[in-house]
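The structure under discussion appears below in the form of structure tokens.
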Amino acid sequence: MAAGELRGLGAERLGQFLGIELFLLGRTLMKLGEEAIPAEGVGRRSTSHRSVLIVASEIRDRPGISVGEIATRTGFPQSKVSACVARLREAGAIVTETDPADRRRLLIRPAREASARVAEIRAVSVDRAVGAALGTDDPERIAEVVGALELLASRLSPAVAEDARRP
């Protein structure tokens, strides 16, 4: 929809339109992120990168969270969360400890230091995935979009932007 067409919408309709566009943009950005994550050497897994990243973000945002709490927050089955936690533990991205109040539960926290796998993922540029999505290899166009993404991340997801700056 062109900018002129947007001006013709009423405020409520414009808000609805932008909400839909924002949702669809979010899906596109998730797909771009998945394309940028290196998968070499990972092998076939029962959990997708997306699921693992969603679980990892819950753990990052709520250190000491349990598998059951993550399942409730994400809507994932507990078995899927457990599989994601196992992958994250195997990669060295998280640590688990028995809940002292309920020895049947595990409490999950981010690892103090970034694992080799986390460092590998952080080191990968999104430029190739952005270029493919734009249908160009023009470094100026790619840099413009990557800059906009960095600005959005710094404003809307400060913890994510801070994580990206860590070595």
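- Annotation: E34, atom CD; neighbour count of heavy atoms from other residues, nucleotides and ligands within 6.0 Å is above 12.
- Donor-acceptor pairing under 3.5 Å is recorded for the side chains of E69 and S66.
- The shortest distance between side-chain heavy atoms of P77 and K80 falls below 4.5 Å.
- In this structure, V55 and C84 approach most closely via the heavy-atom pair CG2-CB, 3.8 Å.
- At distances below 3.5 Å, not a single donor-acceptor pair connects side-chain atoms of T136 with backbone N or O atoms of A132.
- The local environment of CZ in R62 is crowded, with over 12 non-hydrogen atoms from other residues, nucleotides or ligands closer than 6.0 Å.
- Taking every heavy atom of both residues into account, A111 and G92 meet most closely at CB-O, 3.4 Å.
- Chaining together hydrophobic side chains whose heavy atoms lie under 4.5 Å apart leaves L106 on its own.
- Here the CZ-OG distance, from R87 to S82, works out to 14.0 Å after rounding to the nearest 0.5 Å.
- At least one side-chain heavy atom of K31 sits under 4.5 Å from a side-chain heavy atom of R50.
- A distance of 9.5 Å separates OG1 in T96 from CD1 in I59, rounded to the nearest 0.5 Å.
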Which is it for L107 and T98 under the side-chain contact (heavy atoms from CB on, under 4.5 Å) test, yes or no, and what are the steps along the way? CA-CA 6 Å; L107 301 179; T98 304; over 6 Å; no
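- Between I70 and F76, every side-chain heavy-atom pair lies at or beyond the 4.5 Å cut-off.
- Residue pairs meeting the salt bridge (charged side-chain N to carboxylate O under 4.0 Å, His left out) criterion with at least one partner in residues 95-107, sequence neighbours excluded, are E97-R109, D99-R105, D102-R104.
- The distance from the CD1 atom of I108 to the CD1 atom of I65 is 7.5 Å, given to the nearest 0.5 Å.
- L25 belongs to a hydrophobic cluster whose remaining members, ordered by chain and number, are L29, L32, V126, V130, L134, I142, V145, V146, L149; membership requires side-chain heavy atoms of ILVMFWY residues under 4.5 Å apart, directly or through intermediates.
- Contact of the T74 side chain with the V81 side chain is registered, since non-hydrogen atoms from C-beta on lie closer than 4.5 Å.
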